[in-house]
Amino acid sequence: MKGLKNGMSSVSRRNITQRLVVFASHLPSSSSSSSDSTSMASEKQAALATAPSDADAPTIFDKIINKEIPSNVVYEDDKVFAFRDINPQAPTHILIIPKVKDGLTGLSKAEERHFEILGCLLYTAKLIAKQEGLDDGFRVVINDGPKGCQSVYHIHVHLLGGRQMNWPPG
Ligand code: AMP
């Protein structure tokens, strides 16, 4: 039969290969490059060096929202602002933030009043993933606090894509 060889279609074979690639990506990696580990170490140092701010203290993200410092904007509406990360960890790495922080320095500070904006941030991640053509999948990350490697205390969703992600994330 056309398209069949040894009882398996090329589509099935491709599906199995894709599943194996995803499965392999979930195995602990024994070999990371030195530039990867240097970058991870500096991210961690930055996070540990940044004391959690008080809820109203402005951060660099306020300056980005107010266009006082430049950024590569990919999305903006009345509530949400999104721009490319200056230190990308994947071919696509976008930060999605609320325009008004309202005490949300991080996810651990969320209150009931933040239901709507938290939903907006995640829904916007989905919209931007589509806009960026991340049709095969992507990852969203919210770092929280020093142990979560958070370095900017204005809640933000990282949208990462354009490469195969690994698990565990480290
Ligand atoms: P986190 O470590 O989760 O708090 O994420 C903060 C992110 O902000 C990091 O990935 C930084 O690379 C990113 N970042 C810091 N300053 C800028 C900037 N001026 N423009 C774009 N991204 C930035």
Side-chain angles (χ1 to χ4, degrees), residues 25-26 29 32-111 113-134 136-170:
S25 76
H26 283 61
S29 159
S32 55
S33 76
S34 64
S35 68
D36 282 353
S37 43
T38 307
S39 162
M40 278 188 326
S42 59
E43 285 284 314
K44 196 168 159 188
Q45 275 164 0
L48 291 174
T50 314
S53 307
D54 82 63
D56 295 324
T59 71
I60 192 167
F61 289 175
D62 291 287
K63 290 193 168 152
I64 289 175
I65 294 166
N66 296 330
K67 318 257 165 86
E68 290 164 35
I69 60 174
S71 68
N72 194 337
V73 182
V74 296
Y75 179 93
E76 182 172 8
D77 64 24
D78 56 332
K79 295 192 181 98
V80 174
F81 193 82
F83 54 100
R84 294 193 194 278
D85 197 295
I86 203 167
N87 182 22
Q89 302 302 310
T92 301
H93 186 172
I94 291 163
L95 300 173
I96 304 158
I97 66 177
K99 281 187 166 172
V100 177
K101 185 161 64 173
D102 185 25
L104 261 182
T105 49
L107 186 59
S108 56
K109 298 296 183 293
E111 308 272 356
R113 72 177 189 278
H114 297 125
F115 274 14
E116 188 190 343
I117 190 62
L118 289 170
C120 282
L121 293 174
L122 279 184
Y123 185 67
T124 305
K126 175 258 176 176
L127 293 180
I128 297 173
K130 178 92 184 148
Q131 181 179 300
E132 295 283 316
L134 302 177
D136 289 339
F138 54 86
R139 178 169 290 171
V140 293
V141 172
I142 300 177
N143 294 327
D144 189 276
K147 287 211 167 162
C149 242
Q150 184 176 4
S151 60
V152 179
Y153 282 81
H154 180 136
I155 195 169
H156 47 282
V157 171
H158 294 258
L159 169 66
L160 298 139
R163 66 166 167 84
Q164 179 61 56
M165 296 296 152
N166 298 309
W167 197 263

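In each ligand, atom 1 is the first atom listed, and ligand 1 is the first ligand listed. FYI, side chains are in, hydrogens and waters are out, and symmetry mates aren't considered; it's all heavy atoms of this structure.
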Enquirer: Look at the aromatic rings of Phe61 and Phe83 and report parallel, tilted or perpendicular, splitting at 30° and 60°.
Expert: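 Correct class here is perpendicular.
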
Enquirer: Mind checking whether Ile155 and Leu121 have side chains closer than 4.5 Å, heavy atoms only?
Expert: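 Yes, their side chains come closer than 4.5 Å.
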
Enquirer: Could you tell me which non-hydrogen atom of Asp77 sits nearest to which non-hydrogen atom of Lys99, and how far apart they are?
Expert: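 Nearest heavy atoms, Asp77 then Lys99: O-NZ, 2.7 Å.
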
Enquirer: Would you mind running through ligand 1 and noting each atom that sits below 4.0 Å from a heavy atom of Ile64?
Expert: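 Numbered from 1, ligand 1 contributes 18 (C), 19 (N), 20 (N).
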
Enquirer: Looking only at heavy atoms of Ile142, does any of them come nearer than 4.0 Å to an atom of ligand 1?
Expert: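 Not so, Ile142 does not reach ligand 1.
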
Enquirer: For the side chain of Glu132 and the backbone of Gly162, is there at least one donor-acceptor N/O pair under 3.5 Å apart?
Expert: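 Not confirmed, Glu132 side chain does not pair with Gly162 backbone.
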
Enquirer: Mark the output for Ser71 as yes if a heavy-atom distance to ligand 1 is under 4.0 Å, and as no if none is.
Expert: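 Ser71: no contact with ligand 1 (<4.0 Å).
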
Enquirer: List every atom of ligand 1 that sits less than 4.0 Å from any heavy atom of Arg84, numbering the atoms from 1 in the order shown and giving each element.
Expert: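 Every atom of ligand 1 under 4.0 Å from some heavy atom of Arg84: 21 (C).
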
Enquirer: Treating His93 as the side-chain partner and Ala90 as the backbone partner, does any N or O pair qualify as donor plus acceptor under 3.5 Å?
Expert: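 Checking the backbone N and O of Ala90 against the side chain of His93, no donor-acceptor pair under 3.5 Å is found.
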
Enquirer: Which of the atoms in ligand 1, numbered in the order shown and given with their element, are less than 4.0 Å from a heavy-atom of Asn87?
Expert: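 Contacts of ligand 1 toward Asn87, numbered from 1: 12 (O).
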
Enquirer: Rounded to the nearest 0.5 Å, how far apart are OG1 of Thr92 and CG of Asp85?
Expert: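 Spacing of OG1 (Thr92) from CG (Asp85) equals 12.0 Å.
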
Enquirer: Keeping Arg139 on the side-chain end and His158 on the backbone end, is there a donor-acceptor pair under 3.5 Å?
Expert: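 A pair under 3.5 Å: no.
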
Enquirer: With a cut-off of 4.0 Å, which atoms of ligand 1 are near a heavy atom of His158?
Expert: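 So the atoms of ligand 1 that pass are 1 (P), 3 (O), 5 (O), 10 (O).
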
Enquirer: Please could you name the atoms of ligand 1 that Phe83 approaches to less than 4.0 Å, counting only its heavy atoms?
Expert: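 Per the distance check, 21 (C), 22 (N).
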
Enquirer: So is Val152 polar-close to ligand 1, meaning N/O to N/O under 3.5 Å?
Expert: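 Checking ligand 1 against Val152, an N or O pair does fall under 3.5 Å apart.
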
Enquirer: Looking only at non-hydrogen atoms, find the nearest pair between Pro98 and His154 and report the distance.
Expert: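 Result for this residue pair: O-NE2, 2.8 Å.
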
Enquirer: Before signing off on this row, confirm whether Ser151 and ligand 1 have an N or O atom pair separated by under 3.5 Å.
Expert: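 In this structure, Ser151 places an N or O atom under 3.5 Å from an N or O of ligand 1.
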
Enquirer: Taking all non-hydrogen atoms of both residues, which atom of Ser108 and which atom of Asp144 are closest, and how far apart?
Expert: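 Heavy atoms of Ser108 and Asp144 come nearest at N-OD2, 2.8 Å.
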
Enquirer: Judged by non-hydrogen atoms, does Gln89 sit under 4.0 Å from ligand 1?
Expert: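 False for this residue.
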
Enquirer: Which of the atoms in ligand 1, numbered in the order shown and given with their element, are less than 4.0 Å from a heavy-atom of His156?
Expert: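 Near His156, meaning under 4.0 Å from one of its heavy atoms, ligand 1 has 1 (P), 3 (O), 4 (O), 5 (O), 6 (C).
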
Enquirer: How does Leu95 reach ligand 1, by side chain, by backbone, by both or by neither, if only non-hydrogen atoms under 4.0 Å count?
Expert: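 The answer is the side chain.
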
Enquirer: Please work out whether any backbone atom (N, CA, C, O) or any side-chain heavy atom from C-beta onward of Asn143 is under 4.0 Å from ligand 1, and answer side chain, backbone, both or neither.
Expert: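 Contact part for Asn143 vs ligand 1: side chain (C-beta onward).
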
Enquirer: Going by heavy-atom distance to atom 7 (C) of ligand 1, choose the closest among Thr59, Ile69, Ile86, Asp85.
Expert: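 Going through Thr59, Ile69, Ile86, Asp85 one by one, Asp85 has the nearest heavy atom to atom 7 (C) of ligand 1.
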
Enquirer: Between ligand 1 and Phe61, can you find any atom pair, the residue atom being a heavy atom, that is separated by under 4.0 Å?
Expert: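 The answer is yes, since Phe61 has a heavy atom less than 4.0 Å from ligand 1.
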
Enquirer: Determine whether a donor-acceptor pair (N or O, by modelled atom type, separation under 3.5 Å) exists between the side chain of Lys101 and the backbone of Ala57.
Expert: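 Confirmed, Lys101 side chain pairs with Ala57 backbone.
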
